[in-house]
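Beneath this line is the structure, given in structure tokens, with notes to follow.
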Amino acid sequence: MTLCVFSLIASEFMPVSLLTPIADHLRISEGLAGQGIAISGAFAVFTSLFISVLAGSLNRKTLLLGLTATMGVSGAMVAMAPNYFTYMVGRALIGVVVGGFWSMSAAIAMRLVPLHRVPRALAIFNGGNALAMVVAAPLGAYLGALVGWRGAFFCLVPIAIITFIWQWISLPSMPVGKRAGGMGSALNVFKLLKKRVVLMGMLAVGCFFMGQFTLFTYVRPFLEVVAQVGISALPFALLVIGVAGVVGTVFINAILKRGFYQTLMGIPVVMSLIAICLILFGDKAPVAMALLGAWGLVATAAPVGWWAWVPKTFPENAEAGGGLMVAVIQLSIALGSTAGGLLLDARGFQSVLLGSAALLLISALFTWRTARETAASVY
């Protein structure tokens, strides 16, 4: 499962490190190339809401194997895409895999380990996420320079095949009983939003991921155009962001224990300040790389805190809360990538950074409201 997370995250965010050559070869703008992340987020939203209904009583091991195979097909389609439409179809397929996998991750963890070990199992799953964030972007940039962006995407295919074989061998059969309900039952997760603490929390999560991906989707063209980072130094710059993210993930739990909501409020504030500093000092390559390293340190760690918020807020309905969280995150990634692309094409990098900073500050405000609502409900 952790290997699948690694493969999935690497596939989902591979375009971040390859936007410039993709745009050049497909003869589109970098903003349009970035919509490849937006469309994967959009399809992930739909899949996360309806996969349990569409899959019905299908054995969950079979479903996971099917999703893993689809991941390989997606990489091959993007690698061979003769035009923008085929590229976007390939990216939509990876969105289906993202939504399907993450919406089932908690339920599958509950079937693989005893209940008291589920949080640890999910933490191990997210270890694959952190590792992918370290490796995917710099490796993608390196492979893009070595074998071209198409070759970089082709490299995802054997990874998907290895993941498929490993899951086939290692995962137990996971049959499910007859499942009731239909599309209406899938939408029942939205009833959770009637609670103000849930509504405020999801708005905070949504604004956070929108703000993060308004900027992060276009980090490669920013480094190339504004910071003037050369192609040889680009993998190192992206590696700095990834390694800093792993460091943040290692230490975030200890920090959350000292002040849970204070940490969740502080992270987007710090990220917004970094975005502003990039406007002022981002034309200097060493400064830009240091600032983006700080960005990776806090940005990669933040989702750990919000996933820890789910069982705190939905102690009796964690699976539905997790499904809602997946939908909100993926929709926000899609909206943030789209907004960033539109701003980049229309007004340049400064507007992208300002938009990111504004959304992150709004996220901090909603997090403060979430903390207030939580305190009021406990009291």
Side-chain angles (χ1 to χ4, degrees), residues 1 3-19 22-23 25-26 28 32-56 58 60-105 128-129 132 136-137 140 143-144 149-168 186 213 217 323 326-327 329-338 341:
M1 290 290 288
L3 176 63
C4 188
V5 172
F6 171 81
S7 307
L8 190 55
I9 299 301
S11 300
E12 184 179 10
F13 297 117
M14 183 69 81
V16 169
S17 60
L18 298 167
L19 277 190
I22 290 173
H25 283 215
L26 295 181
I28 55 176
L32 281 176
Q35 304 311 315
I37 291 178
I39 195 171
S40 67
F43 273 77
V45 171
F46 177 86
T47 309
S48 66
L49 291 174
F50 300 117
I51 189 163
S52 63
V53 173
L54 297 174
L58 182 67
R60 290 312 184 238
K61 178 177 180 178
T62 304
L63 180 57
L64 278 174
L65 290 173
L67 289 171
T68 305
T70 303
M71 178 165 58
V73 172
S74 167
M77 282 192 69
V78 173
M80 296 186 291
N83 51 47
Y84 184 61
F85 176 78
T86 309
Y87 165 75
M88 292 295 276
V89 171
R91 294 299 301 165
L93 286 178
I94 199 63
V96 171
V97 183
V98 169
F101 179 87
W102 281 115
S103 63
M104 294 190 301
S105 59
N129 183 358
L143 289 173
W149 70 270
R150 295 183 186 276
F153 273 99
F154 261 125
C155 290
L156 297 173
V157 178
I159 293 175
I161 293 172
I162 292 169
T163 305
F164 181 94
I165 295 171
W166 199 332
Q167 285 182 325
W168 190 6
F213 282 89
T217 305
V326 171
I329 289 173
Q330 293 299 326
L331 177 61
S332 301
I333 290 174
L335 292 175
S337 300
T338 301

Has Phe43 got more than 12 heavy atoms of other residues, nucleotides or ligands less than 6.0 Å from its CZ?
-> no
Would you name the heavy atoms of [X] and [Y] that are closest together and state the gap between them?
X      : Y      : value
Met14  : Ala152 : CE-O, 4.1 Å
Ser337 : Thr217 : OG-OG1, 3.2 Å
Ala42  : Ala334 : N-CB, 3.7 Å
Ser40  : Glu12  : OG-CG, 4.3 Å

[X] [atom1] to [Y] [atom2] distance, which is reported to the nearest 0.5 Å:
X      : Y      : atom1 : atom2 : answer
Leu8   : Ile159 : CG    : CD1   : 12.0 Å
Met1   : Phe101 : CE    : CZ    : 3.5 Å
Arg150 : Leu18  : CZ    : CG    : 12.0 Å
Ile22  : Ile28  : CD1   : CD1   : 7.5 Å
Leu65  : Ile165 : CG    : CD1   : 11.0 Å
Leu143 : Phe154 : CG    : CZ    : 13.5 Å

Any side-chain donor-acceptor pair under 3.5 Å between Thr338 and Gln35?
-> yes
Short side-chain donor-acceptor distance under 3.5 Å, Thr163 and Thr68 | no
Find out whether Trp149 and Pro15 are in side-chain contact, i.e. whether some heavy atom of one side chain is under 4.5 Å from a heavy atom of the other.
-> no
Compare all side-chain heavy atoms of Val5 with those of Trp102 and state whether any distance is below 4.5 angstrom.
-> yes
Qualifying residues under side chain to side chain contact (heavy atoms under 4.5 Å, CB included), relative to Thr47, sequence neighbours excluded = Ile51, Val96
Review item, side-chain donor-acceptor pairs of residues 73-83, under 3.5 Å, at least two apart:
from, atom 1, to, atom 2, distance (Å)
Ser74, OG, Gly90, O, 2.6
Asn83, OD1, Phe85, N, 3.3
Asn83, OD1, Thr86, N, 2.9
Asn83, OD1, Thr86, OG1, 2.8

